[in-house]
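Single-structure report; data block below.
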2 protein chains.
Amino acid sequence: MNGKAIGQATIRDVAREAGASVASVSRVFNRLPNVRPELKERVEAAACKLNYVPHAGARNLSLARTGVIGVVLPDLHGEFFSEILRGMEREAAMRGRHLLLSNMHMGLGDGVEALRNMRGRVDGLIVMAPHIDPDLLFAHLPASIPAILLNGPENRQGRPELRIDNAAGARTMVEHLVAAGRRAIIHIAGSQGNIEAAERARGYREAMAAAGLVPVILPGNFDEESGHLAVQRLQMQQMEVDAIFAANDMMAIGALVALRDMGVDVPGQVAVAGFDNIPLARLISPGLTTMAVDIADLGARAINRLSAVIDGENVPQTELRYPSLIVRNSTTQTIA
Amino acid sequence: MNGKAIGQATIRDVAREAGASVASVSRVFNRLPNVRPELKERVEAAACKLNYVPHAGARNLSLARTGVIGVVLPDLHGEFFSEILRGMEREAAMRGRHLLLSNMHMGLGDGVEALRNMRGRVDGLIVMAPHIDPDLLFAHLPASIPAILLNGPENRQGRPELRIDNAAGARTMVEHLVAAGRRAIIHIAGSQGNIEAAERARGYREAMAAAGLVPVILPGNFDEESGHLAVQRLQMQQMEVDAIFAANDMMAIGALVALRDMGVDVPGQVAVAGFDNIPLARLISPGLTTMAVDIADLGARAINRLSAVIDGENVPQTELRYPSLIVRNSTTQTIA
DNA sequence: CGGTTTCTTGTAACCGGTTACAAGACGGAT
DNA sequence: ATCCGTCTTGTAACCGGTTACAAGAAACCG
C-alpha cells in the first residue's frame with residue numbers, strides 16, 4: 001500500500017503508474033483509436049489498480065460542455081410534475097445527458113440570479129415560468145446560453161418556445177359540452193396571473209361567445225380545494241348550472257366530490273370536465289372527461305428541441321401541441 | 001464595441017477592463033471584505049459592462065465542490081416520484097444545492113457505470129434502487145464520494161441509509177384490525193423480490209403471531225389487478241375472511257372493487273386496508289384505511305443527512321421513518 | 001540506403017475560476 | 001526618520017482534464 005489514501009487518483013497518477021503520458025491515458029479513456037494495444041492495456045491496468053474514475057467536472061471545463069440540461073420548473077405538484085420529468089429524463093438519457101433540477105419558487109430577481117448561476121453548469125435551459133414575464137427573465141441571461149421556454153407567454157427575445165395550445169383545448173371542451181346539450185356552463189379558472197389559466201379562460205370565453213352562451217367564471221387556483229369551494233359558492237348563490245368546466249383536473253375532482261357530497265348527480269344534473277388528463281381522472285368514478293395533454297411527450301420534445309439548439313441546429317421559434325378530448329362518464333349523459 | 005462577441009467574458013477580461021487583477025475580481029464576486037470600495041466599484045462596473053457571469057464549472061473545479069446532489073431513482077411513477085423530489089428539492093434549495101437527476105432504468109453494470117460517471121459532477125449521491133443489491137452497487141463506487149441509500153436493503157459497506165419502517169407499519173395496521181374485532185385477517189403481498197413487500201409481509205406475520213392469529217398470505221404484485229385476483233381466489237377457496245390487508249393501496253382498491261362486485265359489504269363483512277396513502281385512497285368510497293408515509297419529508301431528510309455527510313459530520317448509519325395509521329371507512333365498522 | 005509518409009507518444013498550454021504568498025501602501029508609535 | 005503592524009493588491013500555481021503540436025519510430029518507396 002503506497003500513500004495517497006486521501007483523494008482520488010487523477011489522470012497524472014495513472015500516467016505515472018502506467019509509465020505513459022497523460023495524453024495517452026486520456027486517449028485510452030476516450031476510446032481514441034490511435035493507441036498501441038500494449039500501451040492501452042498498461043493504462044487500463046494502472047487505472048484499475050488505482051481505482052481511477054475520470055473527473056467529470058474537469059472534463060466539462062476543458063470541453064466547455066457539461067452534458068447537463070437545466071430544468072427550471074415552477075412549484076408543481078403531482079402528476080404533471082412527475083410526467084414531464086419522466087418524459088424529459090427518458091429523452092435526456094437517450095442522448096446521454098443529465099437533468100439539473102431547479103425549482104422556481106421565487107420572484108423575478110432571484111429567478112434571474114438563479115438562471116445566471118447556471119452558466120458553466122449546464123449546456124442549456126428549459127424554463128417553465130408561467131407567472132413570470134419571459135422577456136424580463138431572458139433579458140438578463142447571457143444570449144450565449146441556449147434556452148427554450150415551456151408553456152410560457154410569447155417572448156420577444158427570439159428564444160424558441162414550446163407550448164400547449166390551451167385556448168384551443170378549452171374551446172374544444174366547451175364545444176363538447178354544448179354538443180352534449182349543456183347550456184349553463186361555468187368555468188372554474190386557474191391561478192390568477194398564470195398564463196395557462198388565462199389562456200384556458202380565454203378559450204372558454206371565445207367558445208361560449210361563439211355558441212351564443214353567456215360565460216361565467218369563478219376564481220380558483222388549480223388545487224382540489226378550490227374546486228370544492230367553487231361548487232359551494234355556486235350552491236350558495238343558487239346559480240343555474242348544468243356543466244362545470246374546471247381549468248384543470250384537480251379542481252374538477254374537487255368539484256366532483258363536492259357535488260357528490262351534496263347529492264347532485266353527475267352527469268345527470270351537472271356535467272363535470274377538467275383539463276390535463278391526470279391518471280386519477282380515469283380512476284375516479286364517474287370517470288372524468290378532460291383534455292389530454294401528453295405531458296411526458298411535451299417534456300421529451302422540450303429536451304429534443306433544446307438539444308438541437310445546443311448542437312447549433314436551427315429550430316422554428318414556436319411549436320404548439322394540441323391537447324385531445326377524452327370523453328368519460330362525467331359528461332356523457334345527454335340532457336333531454 | 002470591441003470584438004469578443006463570441007464567448008462569454010471571463011474573469012481575466014473583467015480584470016483587464018477594470019484595470020485590476022483576477023484575484024481582486026474574484027474577491028469582489030465572493031464578497032470578501034478586504035477590497036477597497038473604489039476598486040470594488042470599478043470591478044462591478046467592468047463586470048456589468050462586459051455582462052460577466054462567473055463560470056460555475058470552473059469554480060467547482062478549483063473548489064472541488066459542486067453544490068450538486070445526484071439523485072438516482074428507479075423508474076417511478078406518479079405521486080411517489082413527484083413528492084419525494086419536491087421534498088428533496090425544497091431542502092436542497094434551502095441549503096443552496098441543486099439536484100442532478102438520474103433514473104436507474106438499467107441493470108447493475110450500467111448502474112455502476114452511471115454512478116461512477118457522477119464523480120466530479122456531484123458532491124454526493126442519494127440512491128434508491130430497491131431491486132439491486134446495494135453491496136454490489138457500492139463496491140465499485142469510490143469510497144470518497146458520499147452516498148446514502150434510500151429504502152433499500154441493509155448494506156454492509158457502512159453507507160448511511162434511510163428507510164421507511166415497513167414492518168412496523170404493517171404491525172400497526174394488523175393491530176388496528178385486531179382492535180376492530182377482526183380475526184381472519186389475510187395479507188395480499190407485494191411483488192416477489194421487492195424488499196418493501198417482504199418487510200410488510202414480515203410485519204404482518206409478526207403481528208399476527210403476537211395476537212395469536214394464524215397468518216395467511218396471498219401473492220400479489222402491487223397492481224390493482226392482483227388485488228382483484230386475490231379476492232377471487234379467496235372466494236373460490238371459500239376461505240373465512242373478515243379483513244384484507246393489502247401491501248399497498250392499489251391492490252387494496254382492486255380488492256375493494258372485487259368485493260363490491262360480488263356483493264360483499266365493506267366494512268360490514270370484510271374490512272379492507274392498504275399501505276401508502278395514495279391520493280386515490282381518500283377519494284374512493286368507502287375511504288380506504290391505510291398507512292401514510294410522508295414522502296416529501298423522507299426526501300427532505302435524505303438531503304439533510306447527505307448534506308451532513310458531505311460536510312463531514314457523523315451520522316448514524318440507519319434511520320427509520322415510521323408511517324402513520326390513517327383510519328377511514330373501509331375498516332371502521334366494528335364487528336359485534 | 002535516403003526520403004517520405006504514417007502512426008504513436010509526449011510536452012505543455014489551455015479551459016476559468018481560487019488562493020497562498022509576496023510585495024507595496026499606509027498609519028501610528030517611538 | 002525608523003520601525004512595525006495592518007490592509008490592499010497582484011503574481012502565479014493549482015484544480016483535473018483535453019488537445020495542438022512536435023518529435024520519434026516504423027513502414028514503405030524508388
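Sequence lines set the chain letters: A, B, ... in the order given, protein chains first and strands last, and positions in each chain run from 1.
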Exercise for the section: Compute the ring centroids of B/Phe29 and B/Tyr52, then answer whether they are less than 6.0 Å apart. Expected result: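 Yes.
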Ion pair [X]/[Y], N-O distance below 4.0 Å:
X	Y	value
B/Glu319	B/Arg163	no
A/Glu83	A/Arg86	yes
A/Arg97	A/Asp311	yes

Handout entry: Distance in angstrom units between A/Phe29 CZ and D/dT19 P, rounded
Key =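 After rounding, the gap between these two atoms is 16 Å.
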Problem - Distance, rounded to the nearest Å, where A/Arg31 contributes CZ and D/dG17 contributes P - result: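 Rounded to the whole Å, the gap is 16 Å.
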Answer yes or no: is there a donor N or O on one side and an acceptor on the other, between the side chain of [X] and the main chain of [Y], under 3.5 Å?
X	Y	result
B/Ser307	B/Ile303	yes
A/Asp13	A/Thr10	yes
A/Asn151	A/Ile164	yes

Practice task
With sequence neighbours excluded, tell me which residues meet ring-ring contact (aromatic ring centres under 6.0 Å, His included) with A/Phe222.
Solution key: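 A/Phe222: no ring-ring contact (aromatic ring centres under 6.0 Å, His included) contacts found.
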Exercise for the section: Select base, sugar-phosphate, or nothing to describe what A/Asn30 touches, counting heavy atoms under 4.0 Å on all strands. Expected result: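 Sugar-phosphate, backbone atoms only, no base.
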Identify each atom pair where a protein N or O and an N or O of nucleotides 22-24 of chain D are less than 3.5 Å apart, giving names and distance.
none

Problem - Nucleic acid footprint by protein, nucleotides 8-16 of chain C - heavy-atom cut-off 4.0 Å, B for base, S for sugar-phosphate alone - result: SBBBB--BB
